[in-house]
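Heads up, the thing below is written out as structure tokens.
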Amino acid sequence: MQEVLLTYFQNLKNPGDTLNKTGKVNLEGYKVGEKHYELKDGLSYDVIATHTGEGILLTGIVSAQAQSECDRCLEPAHFEISGEVEGYYLFSEPDPEFDLEEDEFELVKDEEDIDISGALEQALIMDTPYVLLCQDDCEGLCPVCGINLNEHPGHNHDGEIDEQNPFAQLKNLKFD
């Protein structure tokens with residue numbers, strides 16, 4: 001993901017100060033594991049940065065219209081993303097007594113900007129469904145011939161088994 005900078009220094013000088021920021025990232029798509037997702041209109045965000053005394057707390061929302069292929073029938077599937085953004089950017093290394101893991105914060109790298117792209121990407125990924133369906137009642141593909149069962153309701157093979165099917169040998173399995 002491209003770098004998204006939030007200039008905080010002039011607006012967040014004192015603990016308790018807040019800064020609202022909205023914007024859009026022209027992101028064409030992203031990957032989760034091996035699956036690729038396309039973003040129709042990029043990624044929009046609306047975040048609030050708060051000076052906490054020890055750092056900057058970032059909270060907010062990301063939203064996008066995404067598309068990939070259905071996990072059952074392989075046709076295009078569309079969904080909306082509306083994920084929660086969370087990020088913590090510390091001004092210096094935390095005291096060991098706070099027991100923060102390294103993935104729970106980032107250090108502010110310079111005097112004016114923080115890169116919020118990691119927090120936006122994390123929110124995007126966390127709101128991506130694990131199983132994506134084109135419709136809730138998607139029938140998928142016929143295991144014998146591969147035809148899309150959504151387009152051919154009632155399709156069946158009347159007990160015939162294609163010998164090329166790797167499961168065809170199970171017909172000879174005998175149970176005692």
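Quick note: numbers below take in every heavy atom, side chains included, and nothing from hydrogens, waters or symmetry partners.
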Residues 143-153 side chain polar contacts: donor-acceptor under 3.5 Å, at least two apart:
| unit_1 | atom_1 | unit_2 | atom_2 | d |
| --- | --- | --- | --- | --- |
| Asn148 | OD1 | Asn150 | N | 2.9 |
| Asn148 | OD1 | Asn150 | ND2 | 3.3 |
| Asn150 | OD1 | Gln135 | NE2 | 3.4 |
| Asn150 | OD1 | Glu139 | N | 2.9 |

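- With Leu120 as the partner, the side chain to side chain contact (heavy atoms under 4.5 Å, CB included) test is satisfied by one option alone out of Val62, Leu58, Leu27: Val62.
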Extract all donor-acceptor atom pairs below 3.5 Å that involve side chains of residues 37-47 and protein atoms in other chains or at least two apart in sequence.
none

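- Within the hydrophobic cluster formed by Ile, Leu, Val, Met, Phe, Trp and Tyr side chains joined at under 4.5 Å, directly or through other members, Leu141 is accompanied by Leu74.
- Contact between Ile56 and Tyr88 at its shortest, heavy atoms only, is O-CD1, 3.4 Å.
- The side chain to side chain donor-acceptor pair (under 3.5 Å) analysis of residues 67-77, with sequence neighbours excluded, yields the pairs Lys35-Asp71, Gln67-His78.
- In plain terms, the two heavy atoms of Pro129 and Phe79 that are nearest each other are CD-CE1, 3.3 Å.
- Atom CG of Leu132 sits about 6.5 Å away from atom SG of Cys70, to the nearest 0.5 Å.
- Side-chain heavy-atom separations under 4.5 angstrom define the hydrophobic clusters, and the remaining members of the one that includes Tyr130 are Val131, Leu133.
- Tested against Ile48, the residues Val85, Ile61, Thr59, Leu19 include a single side chain to side chain contact (heavy atoms under 4.5 Å, CB included) partner, Thr59.
- Put simply, the side chain of Asp115 does not reach to within 4.5 Å of the side chain of Tyr89, judged on heavy atoms.
- How far CG of Asn20 is from OG1 of Thr22: 8.5 Å, rounded to the nearest 0.5 Å.
- Across every non-hydrogen atom of Cys134 and Cys73, the tightest pair is SG-SG, 3.7 Å.
- Scanning for ring-ring contact (aromatic ring centres under 6.0 Å, His included) contacts around His155 gives His157, with sequence neighbours left out.
- The minimum heavy-atom distance between Gln65 and Glu80, with the atom names listed, is NE2-CG, 3.2 Å.
- Expressed to the nearest 0.5 Å, how far CG of Leu124 lies from OG of Ser82 amounts to 11.5 Å.
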